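What follows is a short report on a single structure.
None of these values were measured; they are calculated from a predicted model. Excluded from the calculations below are hydrogen atoms, water molecules and symmetry mates; all remaining heavy atoms, backbone and side chain alike, are included. So you know, we letter chains A, B, ... as the sequences are listed, proteins then strands, and number each from 1.
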Amino acid sequence: MGHARPLATSRSATGIPTGRLAVWWILASEVVIFGGLLGVYIMHRIGHPEWAEAASHTQTWVGAINTFVLLTSSFTAVLAHQAAEKGDGKKAAKLLGMTILGALTFLVIKSLEWTNEISHGYTITANTFWSFYYTAAGLHALHVIAGAIIMGVVAFDAYRGRELHRVELIGIYWHFVDVVWIFLFPLLYIAK
Amino acid sequence: MADTVVDVHHDAHAHDDHHHGPSGIIKYLWSTDHKIIAMQYMFTGMAMGILGGYMAYVFRMQLAFPGISVPGFGQVSPGEYNALITNHGSIMIFWLAMPVLIAAFGNYLIPLMIGADDMVFPRINRLSFQIFFISVLVLLASLFVEGGGFGGAWTSYPPLSSEAEFNLTNLGSTLWLTAVALEFVAFLLGGINFITTLMNARAPGMKAYDIPLVCWMIVIASILFMLSVGPLIAGAVMLLFDQTLNTGFYDPARGGDPILWQHLFWFFGHPEVYVVLLPAIGITIEVMATFSRKKIFGYKMVLYTAVATGVLSFFVWAHHQFIAGIDPRMANVFTITTLLISVPIAEMLFVMIATLYGGSIRLTTPMLWALAFMAEFLIGGVTGIFLGASGADIYFHDTYFVLAHFHYTFFPIAIIGTFCGFTYWFPKMFGKMMNETLGKIHFWGTVIPFNFIFIPLFVLGMGGQHRRIYNFQHFPELAGPEMYNLRQTATIALLVMIAFQLVFFTNLIMSLIKGEKAGKNPWKANSLEWTTESPPPHGNWPPDQMPVVYRGPYEFGHPDREEDYWPQDEPA
Amino acid sequence: MSENHENNEPQGDGHDDGHHVNYFRIYVVLLVLFLISVAGPEVGELTGLRWITLITAFGIALVKANLVINNFMHLRWEKKLMKWVLATSVILMVLMVAGIAPDVLNHEGRNWQNLAAQAAVERGLGEDDHGEETMLAEGGAEAAPAGFSAASSFGTVCATCHGAGGQGDGPAGAALTPAPANFTDPAFWEGRDRDRVLTVIRDGAASVGGSALMAPWGALYTEEQLEQVTDYVMAFRPN
């Protein structure tokens, strides 16, 4: 079904393009969601020194690999933005494709990691540390999945030279997902 | 720019013809037009309000005549009583006040008042209503599953809310929580639309201070909502896991803390009341300006105090937890901040009074509602001062005093605010005028009984009557005739008020069918929505006649003019 | 299509001209920081100097985040307004933690103690040496339930209506119709046996055709506890 973009969408009284303005506001709301969850986790962690024992069973090197994967995917995402700015939709789409590949790699590694942990008995109910671990990383993973799907749609359009401005927008969202992981990694894996 | 306009609207005319009303039920349900989405929110919200009101009727009958078989329900068991009060509260806040005041009025008014043809993201707009509608279905489902609806109060404190063995509902509590979470997502999405549209899509010439206050208020409320709900969403996920996966986030024996939930809930819960208050104040002020034929006394004052209220609202939350066992040093801090927050709100009421003073007052139905808002909210506000002082709150907490306080604030917000806005913008929305006589009868028949419901509750609260008890005859100190009579008075007043709502529905239907035709600007107001047809066509204005703005929206009684009003889009 | 550029480059947003960022260089810096942030805690562990771990793990996280936000997300070229909005959301989270921490973090204060939390901490620390085994054994452990007593349960749950002596004269029962059962009345026991009493306690009286005022209490009790409470009620039976 064809949908006509309203005149309103192309106006910009603030000077910031509407799409980008919206993404920043979305990120503001995500900051308070993740901030809330991580703030609560930090408080509990400090108040429960005995969780260090439970936390010692997280696999730092797996988390580290995933950190590397996400950092690299952020890099490809910003390169995609650079290509889109130059009007090169095909190149942008390819770079977005690599970013999505990074997302999938992250998810595969995480699934293997979790399967391993669950099989050792570190389930979500094993200990409240593990409850936070799975909830925080799980919420993050949901955002990775959602981001990858939207990125796929944007890449599909970009390859055909359409809606190139959206490459920047999904990129900003993707960098945010990376930033959340930058904090999750030390909080869940390194703090032992 | 011109090319884009033509492009866009060629498509619009080709496939989405709303000039003569929705064509086909599917097109109506699938519409992205902000006005239609607004109506969907409006009527869903009002229907839920009727359900919430029915619940109030049932539990008030039980309280006034304990053990009675309530007509239209049957005998009320303790579990059912708890489910009724829980869902009454949740529905009135999340499924009446927010959808009507923010989503319905926001969706309808913002594009019109800023001279835009729609919201900037119409498809996300539609999606947010669809998610909202699903939340309605989930909530309704929670009432009919085995075990019945959730009965742990709208505040849902664990461990009552997290353990099925305590709340005895199993599915009901999980469905309730899911419905609330979905409602939050819908309003997050809607909020993005309102904020971005207001910031970016204004008509040429409309500076920030030319925007009608009601639009600012709705957007500030959306920002407030967005920033406060995050931690609660995190907390709700944790509660959901406690309910369904048996995690121990709120179980102290497993490293959790039930007080944590209280903090997360009220960190949102307190800003939430201002989320619904600000739009109601916005609506009231718009109406007051129009029917005093006078500029708002301090537009910037109201704007800045609204922002100040929003900011301060993040610093007061623990006044809901004064006797929950929080650190007493925190209680000191929160008492001070709570008493402080009454200042900016009082300021806004002063601006209302100053706007009225010296104005040429027209006592139309919307104006009556606006005046009632001021009077009743004032009572609610001052009674909040007693509760904000932690010492006094030791006595008052969890008594009917609290309940009467928040009904004296919420009722003006959700009910009076709604009727004020609805009767004011009805001509624009439907192209017909409402009957003034019926409107006034409905007004008096609502506001007078309202006071007879809740003043007795203040008295009962001061007498020590506790909240959330299904039968006061179980408590000898509270079962005496004086208190019993007060409870009955309140309930009978409620029945009277409910009866008068029939007048409103009669008026609504009569006016829709054979109301006097309304022109573009029956109230002779200045803002942009009154410059187009009633009801506005799809796209609001012809694409080549989008408004350009030359002044603010409250230029009433300007000395250079013959008319006592000066529309924003008229060139100088 | 022209509309792409409409949305891409509205009047003067300024961030696309004039900034030269070598994304590759930023990426390399991020990788180096990442390696330090992994290596640092190892050093911290070996030397036992906690602050090394804190600075390298968390301090570097802040630096990395800063780099990504400013350079990849282009926040440093964005309008001030959006920077303020994002800063506000972060500050709010700090405020939230500051307001909640005194309650959640402390397990005792001037006149209070959070006994359950203290017990949980002690349990966790005390069994530290058993490592993995302990964690699995703990799996979802709840606080050991206090010993169950049918008498005490009757006192809290049932006596309000049925009276401490089971005579149907509890304070809450006064206004009920029908009145709560009087277990000391022989007439009550006509046609009623132990099985029926247990069923009514568990599923409520409505389940056997009685009044809904007698609610189902089964969710409160285990099978064993239900039997004990039933026995307690049976003990009121006169003969």
[X]-[Y] aromatic ring centre distance below 6.0 Å:
X: A/Phe34; Y: A/His143; answer: yes
X: C/His74; Y: A/His81; answer: yes
X: A/Phe106; Y: A/Trp181; answer: yes

Pick from [options] with the largest number of heavy-atom pairs that fall under 4.5 Å of chain C:
options: A/Gly19, A/Gly39, A/Ala28; result: A/Ala28
options: A/Thr123, A/Thr67, A/Val23; result: A/Thr67
options: A/Ile46, A/Asp178, A/Ile182; result: A/Ile182
options: A/Leu79, A/Thr128, A/Val32, A/Leu187; result: A/Val32

Which bit of [X] is near chain A, if near means a heavy-atom gap under 4.5 Å: side chain, backbone, both or neither?
X: C/Met82; answer: side chain
X: C/Phe34; answer: side chain
X: C/Val97; answer: both

Under a 4.0 Å threshold between the charged nitrogen and the carboxylate oxygen, would A/Glu163 count as salt-bridged to A/Arg5?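 Yes, charged N to carboxylate O under 4.0 Å.
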
Sort A/Thr72 into side chain, backbone, both or neither according to what part of it lies under 4.5 angstrom from a heavy atom of chain C.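 Contact with chain C: backbone and side chain both.
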
Heavy-atom proximity to chain C below 4.5 Å, by part of A/Phe185: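 The answer is the side chain of A/Phe185.
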
Please name the residue in the list C/Asn66, C/Asn71, C/Asn70 that meets the side chain to side chain donor-acceptor pair (under 3.5 Å) test with C/Arg76.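 Running side chain to side chain donor-acceptor pair (under 3.5 Å) over C/Asn66, C/Asn71, C/Asn70 with C/Arg76 returns exactly one hit, C/Asn71.
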
Heavy atoms only, distances under 4.5 angstrom: which of C/Ile26, C/Leu62, C/Leu92, C/Thr53 has the most pairs with chain A? Name it, please.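 Option with the top pair count is C/Leu62.
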
Start with the C-alpha distance between A/His44 and A/Phe129, add both sets of side-chain angles, then the distance that settles ring pair (Phe, Tyr, Trp, His ring centres under 6.0 Å), and finish with yes or no. CA-CA 9 Å; A/His44 279 282; A/Phe129 165 79; over 10 Å; no

Yes or no on side chain to side chain contact (heavy atoms under 4.5 Å, CB included) for C/Leu226 and C/Trp217, after CA distance, side-chain angles and deciding distance? CA-CA 9 Å; C/Leu226 192 56; C/Trp217 299 102; over 6 Å; no

